[in-house]
Amino acid sequence: MPAASGVKARFEGVSKRYGQGADAVQALAPLTLDIAERAFVCLVGPSGCGKSTLLNILAGFEPPTTGRVLMDGQPVQGPDPRRGVVFQQGALFTWMNVRDNVAFGPLATGRSKTEAERIAARYLDMVGLASFAKRYPYELSGGMQQRVGIARALANDPEILLMDEPFAALDAQTRELLQEEIKRIWHETRKTVLWITHSIEEALFLATDVVVMSARPGTIKATLRPPFALQDDPALVASPEFARTKAEIFGLLREEALVAQRQEAER
Ligand SMILES: Nc1ncnc2c1ncn2[C@@H]1O[C@H](COP(=O)(O)OP(=O)(O)O)[C@@H](O)[C@H]1O
Ligand SMILES: [Mg+2]
């Protein structure tokens with residue numbers, strides 16, 4: 001059920017500290033962030049600022065140290081199939097073919113074999129891999145493996161997709177094509193998405209909301225709402241408006257990256 005407020009997920013005063021005493025790391029300062037229903041939120045920030053921590057808390061993999069996370073107004077208390085997670089790489093079952101990888105979730109939640117295979121076929125078609133159903137992960141390129149990962153997450157029909165640098169390990173051309181594909185899939189399914197990326201261009205191309213995080217302890221430094229996510233033309237990245245927004249985010253990020261660099265040097 002969508003929340004009446006239009007807020008799909010909410011971080012309320014969430015902070016995270018790992019470890020105890022002198023070895024403790026304050027990964028996140030108390031922060032508050034709303035993710036609107038159907039938004040495509042891209043999280044950018046310097047390395048080590050707590051982006052994955054934030055995502056893992058919403059996924060239910062890690063409890064917050066303070067505060068709470070709500071989805072549709074209900075506290076997150078652990079992993080839930082309503083939240084689909086895609087990692088940077090490698091989460092496929094190597095011993096299963098592509099179709100069985102995608103059918104795994106639906107089968108695990110009680111669908112019949114026929115039904116699960118029908119669902120797998122639908123999402124493999126959506127990511128352009130219908131003809132690779134009988135292949136094994138090792139037979140696929142990195143980009144194709146990521147597309148299987150995305151199909152597998154979608155096959156569970158999650159309400160929110162959590163993606164931690166899903167394209168970081170791919171070459172630039174593959175990444176750009178997949179970005180177009182993701183945009184098309186998002187327009188088609190209108191899932192709520194939380195997406196972590198190092199790439200400002202990727203964030204600008206995909207996001208309804210770009211959330212810029214500060215250096216550790218991570219907090220929300222700025223939120224921008226660029227118009228490009230709703231535009232289809234891949235050439236929009238060449239527009240002056242795109243360049244101007246890119247420069248703005250670059251400036252925000254650079255300040256935080258310098259802070260993060262000093263932190264590294266002092267360790
Ligand atoms: N399980 C953990 N135990 C201890 N420290 C951790 C753990 N996970 C992350 N950290 C630390 O928390 C900080 C934030 O990490 P992370 O959320 O992975 O940042 P990001 O994804 O932005 O690079 C880093 O200093 C990292 O070393
Ligand atoms: Mg990370």
Side-chain angles (χ1 to χ4, degrees), residues 6-9 11 31-52 54-55 86 88 126-128 142-143 146-147 150 160-215 218-262:
V7 175
K8 191 68 191 168
F11 293 84
L31 62 82
T32 293
L33 174 68
D34 278 353
I35 297 177
E37 184 89 36
R38 301 183 158 201
F40 197 125
V41 176
C42 277
L43 212 53
V44 296
S47 190
C49 77
K51 301 180 294 298
S52 296
L54 194 70
L55 183 140
V86 178
Q88 190 169 325
M126 194 181 278
V127 300
Q146 276 314 73
R147 280 147 70 184
I150 292 162
I160 183 162
L161 274 173
L162 307 176
M163 322 269 274
D164 195 348
E165 303 194 39
F167 296 167
L170 306 176
D171 65 82
Q173 257 95 55
T174 305
R175 199 158 60 220
E176 279 164 25
L177 290 175
L178 280 184
Q179 284 163 7
E180 287 173 36
E181 215 162 274
I182 278 293
K183 187 180 259 193
R184 178 183 54 73
I185 291 170
W186 178 70
H187 285 181
E188 212 171 304
T189 62
R190 294 310 301 270
K191 301 280 183 199
T192 307
V193 180
L194 178 62
W195 181 287
I196 298 176
T197 178
H198 265 115
S199 162
I200 300 176
E201 288 205 4
E202 183 169 292
L204 273 183
F205 185 71
L206 292 174
T208 56
D209 305 71
V210 178
V211 174
V212 182
M213 286 180 68
S214 72
T219 183
I220 310 300
K221 180 174 169 106
T223 301
L224 293 88
R225 301 222 155 72
F228 313 112
L230 301 169
Q231 301 170 11
D232 263 331
D233 182 6
L236 67 87
V237 299
S239 70
E241 174 72 357
F242 194 91
R244 192 193 58 71
T245 322
K246 189 176 155 185
E248 186 182 346
I249 298 175
F250 182 84
L252 291 167
L253 265 179
R254 188 168 187 281
E255 295 169 5
E256 298 308 317
L258 289 170
V259 174
Q261 222 173 46
R262 277 199 297 278

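Throughout, residue positions are numbered sequentially from 1 according to the sequence presented.
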So which atom in F205 and which in V237 form the shortest heavy-atom distance, rounded to 0.1 Å? CD1-CG1, 3.9 Å

Any donor and acceptor pair, going by atom type alone, linking the side chain of D34 with main-chain N or O of A36 inside 3.5 Å? no

Distance-only, no hydrogens or angles: does the T189 side chain make a donor-acceptor pair with backbone N or O of I185 under 3.5 Å? yes

Taking E256 for its side chain and A215 for its backbone only, find out whether a donor-acceptor pair lies under 3.5 Å. yes

Could you tell me whether a side-chain N or O of H187 sits under 3.5 Å from a main-chain N or O of A229, the two making a donor and an acceptor? yes

Where does the angle between the aromatic ring planes of F40 and W195 fall among parallel (under 30°), tilted (30 to 60°) and perpendicular (over 60°)? tilted

Salt-bridge present (K221, E255; N to O < 4.0 Å): yes

Does CZ belonging to R190 count more than 12 external heavy atoms closer than 6.0 Å? yes

Looking at W186, I'd like to know if the NZ or CZ of R184 sits under 6.0 Å from its six-membered ring centre while staying within 45 degrees of the ring's axis. no

Would you call T192 and L161 a side-chain contact if the rule is heavy atoms closer than 4.5 Å? no

Quick check: are there more than 12 heavy atoms from other residues, nucleotides or ligands sitting under 6.0 Å from CD of Q173? no

Please check if the side chain of K183 supplies one atom and the backbone of Q231 the other of a donor-acceptor pair under 3.5 Å. yes

Under the 3.5 angstrom rule, does the side chain of T219 hit a backbone N or O of S214 as a donor-acceptor pair? no

Would you call I160 and V193 a side-chain contact if the rule is heavy atoms closer than 4.5 Å? no

Begin from the C-alpha positions of L33 and V211 and carry the test side chain to side chain contact (heavy atoms under 4.5 Å, CB included) through to its verdict. CA-CA 9 Å; L33 174 68; V211 174; 4.0 Å; yes

If you measure from the Lys or Arg side-chain nitrogens to the Asp or Glu carboxylate oxygens, is any gap between R244 and E241 under 4.0 Å? yes

Using only atom types and a distance under 3.5 Å, with no angle test, would you say the side chain of K8 pairs donor to acceptor with the backbone of R38? no

For D171 and T174: C-alpha separation, side-chain torsions, deciding distance, then whether side chain to side chain contact (heavy atoms under 4.5 Å, CB included) applies. CA-CA 6 Å; D171 65 82; T174 305; 2.8 Å; yes

Decide whether T223 and D209 meet the rule of one side-chain donor and one side-chain acceptor closer than 3.5 Å. no

Polar side-chain atom of E202 near backbone of T197 as donor-acceptor pair, under 3.5 Å: no

Donor-acceptor contact below 3.5 Å, side chain K51 vs main chain P46: yes

